[in-house]
Amino acid sequence: MKSLFGPGGDPSPELLAAYFDGEFEGRDDLSLLRQRLEHWLALHPQGQEDLAHYQRLRQMWHDTTPHEPSREQWDALLRQISASLTQVRPPARVFWKAAAGLAAACLLVLVAWSAVRFVNRAPSGQDLASEDEVFPVATESEIVIFRVAGDDAPTVIVGELPLKGPLELMGPGDVTFTSIQPDARDNMMPHVSAGPGSPMVWARLESER
Amino acid sequence: MALGIACRVSNDDALLAAAVRGCKEAQEELFRRYRQVAYRVAYRLLGNEADALDAVQEAFVKALTHLPSFEGRSSFKTWLLRVVSNASLDLGRQRGRREALSMDAMGPKSREEMEPLVLPVPGQALEREDLRRQLQKALQQLPPAQRQTFVLHAEAELSYREVAEVLGISIGTVMSRLYYARQKLRALLERTA
């Protein structure tokens with residue numbers, strides 16, 4: 001995200017929008033920021049124009065609130081939901097019971113096998129060292145992402161391998177490329193189109209950092 | 001419907017606990033409490049009543065089926081709205097693809113004939129219907145992530161923090177998406193006007 005204020009002291013449009021949306025109301029921790037914005041707005045008429053636009057859009061949104069479905073439609077919907085839940089539940093219970101049984105059986109086998117191994121093997125220094133070893137569940141090359149929600153829109157996927165958290169899907173304008181470094185593995189410069197208009201996975205291995 | 005003794009609860013937490021235990025009345029009460037906001041969000045994302053009701057149905061079935069896995073880290077409302085908005089976007093994609101295929105098969109002339117029919121409503125209501133159509137058309141042109149963010153904020157009246165929670169993104173990303181969504185809506189609506 002951009003910084004809250006530009007070099008000339010003007011607030012970022014995102015910050016102004018948050019103020020117009022009432023995000024600072026009742027927030028004592030943001031009172032200084034709110035005062036600074038109010039001072040800026042008093043001196044800058046273009047801010048008032050933005051505010052007027054926000055209010056127009058809000059009014060338009062309010063004026064076009066969707067019609068509520070009728071009572072009969074709601075009742076019909078509830079019946080359909082109840083019917084779906086009745087259909088869904090019994091197989092789910094059977095599945096979970098079966099899964100729990102299978103898991104318990106696997107656990108028993110595992111415990112028995114571990115016990116036999118433990119009894120048959122004397123502890124060694126190597127064993128003690130291997131206790132701290134972390135076994136990866138999967139490496140980055142073993143993971144294939146088939147589908148990302150929103151991939152039909154011009155997007156940039158920002159994340160880091162190995163996967164440490166959720167990959168984030170950013171829209172055009174959410175990301176600003178300030179510099180692009182060549183790939184550490186082959187020294188090739190990644191191809192980036194003029195804007196973030198085409199999908200690109202930007203992921204660097206931890207070892208390259 | 002009157003709630004049974006085991007399900008007679010008023011706050012969300014107790015209602016959720018009863019619903020998890022399988023109390024049908026509690027599940028129905030959850031539906032009654034949140035159906036309107038769920039419907040409004042689905043309608044704004046999909047643009048028509050029939051699809052919105054389908055999305056609400058799918059979302060409630062999913063939410064109530066997976067209720068035992070709801071950990072209560074957020075409110076039920078924000079959790080449900082996440083399910084509703086994702087179901088709506090998925091449904092929109094499916095319908096969009098299907099419609100695009102059938103429209104291509106029909107050819108350009110039939111496409112014009114398929115424009116939605118608006119029944120003549122007198123005076124202000126007609127104007128409002130026009131406005132709704134313009135706004136829906138503009139909304140549909142936003143990228144899905146921006147549309148979802150904007151609708152959750154504007155229609156469900158979620159704060160920036162709540163929207164961030166629902167979508168699993170940062171508040172900075174929410175601010176940015178809302179700003180760009182409004183800029184685009186402004187440009188699109190001015191062009192229409």
Worksheet entry | Proximal component of Leu142(B), with respect to chain A [non-hydrogen, under 4.5 Å] | neither
Worksheet item: Can you say whether Leu185(B) sits under 4.5 Å from chain A via the side chain, the backbone, both, or neither, judging by heavy atoms?
Response: side chain
Worksheet item: Are Arg79(A) and Trp74(A) in a cation-pi contact, defined as NZ or CZ under 6.0 Å from the six-membered ring centre and within 45° of the axis?
Response: no
Worksheet item: For the residue pair Tyr39(B) and Tyr43(B), does the interplanar ring angle fall in the parallel (under 30°), tilted (30 to 60°) or perpendicular (over 60°) class?
Response: tilted
Discussion item. Would you call the rings of Phe24(A) and Tyr19(A) parallel, tilted or perpendicular, taking 30° and 60° as the class edges?
Written reply: tilted
Discussion item. Under a 4.5 Å cutoff for heavy-atom pairs, which residue among Arg40(B), Gln183(B), Arg182(B), Glu49(B) has the most contacts with chain A?
Written reply: Arg182(B)
Discussion item. Salt bridge (charged side-chain N to carboxylate O under 4.0 Å, His left out), that's the test. Do Lys62(B) and Glu58(B) meet it? Break it down for me.
Written reply: CA-CA 6 Å; Lys62(B) 268 188 194 166; Glu58(B) 197 184 320; 3.4 Å; yes
Discussion item. I'd like to verify something: which residue of Ala17(A), Pro69(A), Ser82(A) has the highest number of heavy-atom pairs under 4.5 Å with chain B?
Written reply: Pro69(A)
What part of [X] lies closer than 4.5 angstrom to a heavy atom of chain B: side chain, backbone, both or neither?
{"X": "Leu57(A)", "answer": "side chain"}
{"X": "Glu23(A)", "answer": "side chain"}
{"X": "Thr65(A)", "answer": "both"}

Practice prompt. For Glu129(B) and Arg133(B), run salt bridge (charged side-chain N to carboxylate O under 4.0 Å, His left out): C-alpha distance rounded to whole Å, both residues' side-chain angles, the deciding distance at 0.1 Å, then the answer.
Written response: CA-CA 6 Å; Glu129(B) 197 53 49; Arg133(B) 282 208 304 166; 5.9 Å; no
